[in-house]
Student: 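Once you've had a glance at the structure underneath, I'll fire off some questions.
Side chains are part of it too, since the values below use all heavy atoms of this structure and drop only hydrogens, waters and symmetry mates. Chain naming here is simple, since letters A, B, ... match the order of the sequence lines and numbering starts at 1 in each.
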Amino acid sequence: MAIPVARHNLRVTELLDPVLDWYDANARDLPWRSASATPWSVMVSEFMLQQTPVSRVLPVHEAWLERWPTPADLAAEPTGEAVRAWGRLGYPRRALRLHAAAAAIVADHGGEVPDSYDDLIALPGVGDYTAAAIATFAYGKRHVVLDTNVRRVFARTLSGVEFPSQSVNKAERELAANVLPHDEPTAATWSVAVMELGALICTAAKPSCSRCPVADLCAWRAAGHPAYDGPPRKVQTWAGTDRQCRGRLLAVLRDADSPVHRTRLDAVWPDETQRDRALASLLKDALVVKTGPETYALP
DNA sequence: CATTCGTGGCT
DNA sequence: TAGCCAAGAAT
């Protein structure tokens, strides 16, 4: 293990300057990266960006911060307003968790987004990635930030394979820790720069190696771009799933300004058994409330 | 460790 | 066209 680590350290020494220079010249001007962005703005962006492309997050993030400039502003409103404002970003439970996190921040942290990883990861909807990202991007702390982009860039440049394993393992985490620059500000810039490289150049489907600042250092490229040979990557189905049904039902309630009769929900999904199951799960998740014998609404 | 949980753009 | 993919978390 000592030899690979030493080799990786050597390689990141070579990667560091080209990646930082590339980021300096090519970084997107995103609102949560602006000098005036608050920790709350960063936190909102991280929730919205979980499994959701930047282009779709941008307008919702802007409206969200205008309406709720602080955690206290959001916490003061009903959870259903968060679900409504979430719009069609997908995974609406994230809206509930963001609301719950805002309430916890008001209750336990004086209304200020905490700056420590331990306090952050204790918040609803905040896992390892999001805690590290908020601590790093909002407060400039030094943490291993492992998202899908970073994992793919390291898999290719350092490990010489097209895609990382399905879940983060210990060796991968140690590798990322070993290539993290030592001082805080450089570590933070390194993390966002590697992430940006993965998002813009070292993409999953069609990497633009010709525009990559570290193409000549990339282990995967040096090996001749060997095809992925791991276990088949999961492809989630959509048509006909409970998730599609839940989405249809919730969209009806989101677009209504008053409680909706059951018959309007019946109209958007033909299969009664599945529809009932989906509605029950939405009620269980507290994304929907029953307001009368046959009426439903956002909470 | 494997599943579940939205949505829309792109190839 | 039918996948494939996008700054994951909770269970």
Student: Nearest to the side chain of A:Y91, which nucleotide is it out of C:dA7, B:dG6, C:dC5?
Tutor: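 Closest nucleotide to the A:Y91 side chain: B:dG6.
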
Student: Give a yes or no on whether a donor-acceptor pair under 3.5 Å exists between the nucleobase atoms of B:dG8, that is its base, and the side chain of A:R56.
Tutor: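 For A:R56, whose side chain was compared with the base of B:dG8, there is no donor-acceptor pair (under 3.5 Å).
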
Student: From the list C:dA7, C:dC4, B:dG6, which nucleotide is the closest neighbour of the side chain of A:V235?
Tutor: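 From the listed options, C:dC4 comes nearest.
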
Student: Have a look at A:R88 and say if it touches a base, only the backbone sugar-phosphate, or nothing, with a 4.0 Å heavy-atom cut-off.
Tutor: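 Sugar-phosphate only.
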
Student: Could you check whether A:L250 gets within reach of a base, just the sugar-phosphate, or nothing at all, counting any heavy atom under 4.0 Å?
Tutor: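 A:L250: no heavy atom of the nucleic acid under 4.0 Å.
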
Student: Atom CG of A:L98 and atom C1' of B:dG6: how far apart are they, to the nearest Å?
Tutor: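 Going from A:L98 (CG) to B:dG6 (C1'), I get 17 Å.
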
Student: Would you please confirm or rule out a distance under 4.0 Å between OP1 or OP2 of C:dA9 and any side-chain N or O of A:T130?
Tutor: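 Affirmative; the distance criterion is met.
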
Student: Ignoring backbone atoms, test whether A:R94 places a side-chain nitrogen or oxygen under 4.0 Å from the OP1 or OP2 oxygen of B:dC5.
Tutor: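 No, no such contact exists.
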
Student: Do the side chain of A:S55 and the base of B:dG9 come within less than 3.5 angstrom through a donor-acceptor pair of N or O atoms?
Tutor: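 Flag unset: no donor-acceptor pair detected.
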
Student: NA contact type, A:S167, heavy-atom cut-off 4.0 Å: base, sugar-phosphate, or nothing?
Tutor: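 The answer is nothing, as A:S167 stays clear of every strand by at least 4.0 Å.
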
Student: Could you check whether A:W86 gets within reach of a base, just the sugar-phosphate, or nothing at all, counting any heavy atom under 4.0 Å?
Tutor: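 Nothing, no heavy atom under 4.0 Å.
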
Student: Does A:R152 put a side-chain nitrogen or oxygen below 4.0 Å from OP1 or OP2 of C:dA6?
Tutor: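 Yes, A:R152 has a side-chain N/O under 4.0 Å of OP1/OP2 on C:dA6.
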
Student: Could you check whether A:D285 gets within reach of a base, just the sugar-phosphate, or nothing at all, counting any heavy atom under 4.0 Å?
Tutor: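 Answer is nothing: A:D285 stays at 4.0 Å or more from every strand.
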
Student: If the threshold is 4.0 Å, N to carboxylate O, is there a salt bridge linking A:R151 and A:E172?
Tutor: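 Yes.
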
Student: Would you mind classifying the nucleic acid contact of A:T241 as base, sugar-phosphate or nothing, using non-hydrogen atoms under 4.0 angstrom?
Tutor: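 No contact at all - A:T241 keeps every heavy atom at 4.0 Å or more from the nucleic acid.
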
Student: Using only side-chain N and O atoms of A:R93, determine if any of them is under 4.0 Å from OP1 or OP2 of B:dG6.
Tutor: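 For B:dG6, OP1/OP2 do not have a side-chain N/O of A:R93 under 4.0 Å.
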
Student: When we call it a touch if two heavy atoms are under 4.0 Å apart, what does A:A133 touch: a base, just sugar-phosphate, or nothing?
Tutor: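 No contact at all - A:A133 keeps every heavy atom at 4.0 Å or more from the nucleic acid.
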
Student: If you assign A:I121 and A:R33 each to the DNA chain C nucleotide with the nearest heavy atom, which residue ends up on the more 5' nucleotide?
Tutor: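 Looking at DNA chain C, the more 5' nearest nucleotide goes with A:R33.
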
Student: Can any side-chain N or O of A:T203 pair as donor or acceptor with the backbone N or O of A:L200 at less than 3.5 Å?
Tutor: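 Pair absent, no side-chain N/O of A:T203 close to backbone of A:L200.
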
Student: Tell me what A:G127 touches on the nucleic acid: a base, only sugar-phosphate, or nothing, going by heavy atoms under 4.0 Å.
Tutor: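 Sugar-phosphate, no base atom in range.
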
Student: Looking only at the side chain of A:Q51 (C-beta and beyond, no hydrogens), which of the listed nucleotides B:dC5, C:dA7, C:dG8 gets closest?
Tutor: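 Of all the options, the side chain of A:Q51 is nearest to C:dG8.
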
Student: Distance check, C1' atoms only: C:dG8 and B:dC1, in whole angstrom units.
Tutor: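 The answer is 16 Å between these two C1' atoms.
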
Student: Of the nucleotides C:dA9, C:dA7, B:dG6, which has the atom closest to the A:Q50 side chain?
Tutor: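 Given the options C:dA9, C:dA7, B:dG6, the side chain of A:Q50 is closest to C:dA9.
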
Student: Give a yes or no on whether a salt bridge exists between A:E294 and A:R264, defined as a side-chain N under 4.0 angstrom from a carboxylate O.
Tutor: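 Looking at A:E294 and A:R264, the cut-off is not met.
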
Student: Is A:R233 positioned over the aromatic face of A:F163, cation under 6.0 angstrom from the ring centre and no more than 45 degrees off axis?
Tutor: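 Satisfied, under 6.0 Å and within 45°.
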
Student: Checking A:S281 side chain against A:A278 main chain: does a donor-acceptor pair fall under 3.5 Å?
Tutor: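 Here the side-chain-to-backbone pair exists.
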
Student: Take atom CG of A:D147 and atom C1' of C:dC5, then tell me their distance rounded to the nearest Å.
Tutor: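 In whole Å, C:dC5 C1' lies 14 Å from A:D147 CG.
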
Student: Have a look at A:R254 and say if it touches a base, only the backbone sugar-phosphate, or nothing, with a 4.0 Å heavy-atom cut-off.
Tutor: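 It contacts sugar-phosphate atoms only.
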
Student: Touch check for A:L282, heavy atoms < 4.0 angstrom, all strands: base, sugar-phosphate only, or nothing?
Tutor: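 If one applies the 4.0 Å heavy-atom cut-off, A:L282 turns out to touch nothing in the nucleic acid.
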
Student: What contact category does A:Q244 fall into here, base, sugar-phosphate, or nothing, at under 4.0 angstrom with non-hydrogen atoms?
Tutor: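 It contacts nothing in the nucleic acid.
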
Student: Hey, does A:V192 reach any base, or is it just sugar-phosphate, or nothing, if we go heavy atoms under 4.0 Å?
Tutor: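 No contact at all - A:V192 keeps every heavy atom at 4.0 Å or more from the nucleic acid.
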
Student: With distance as the sole criterion, is a donor-acceptor pair present between the side chains of A:T241 and A:R246 under 3.5 Å?
Tutor: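 Result is no, nothing qualifies.
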
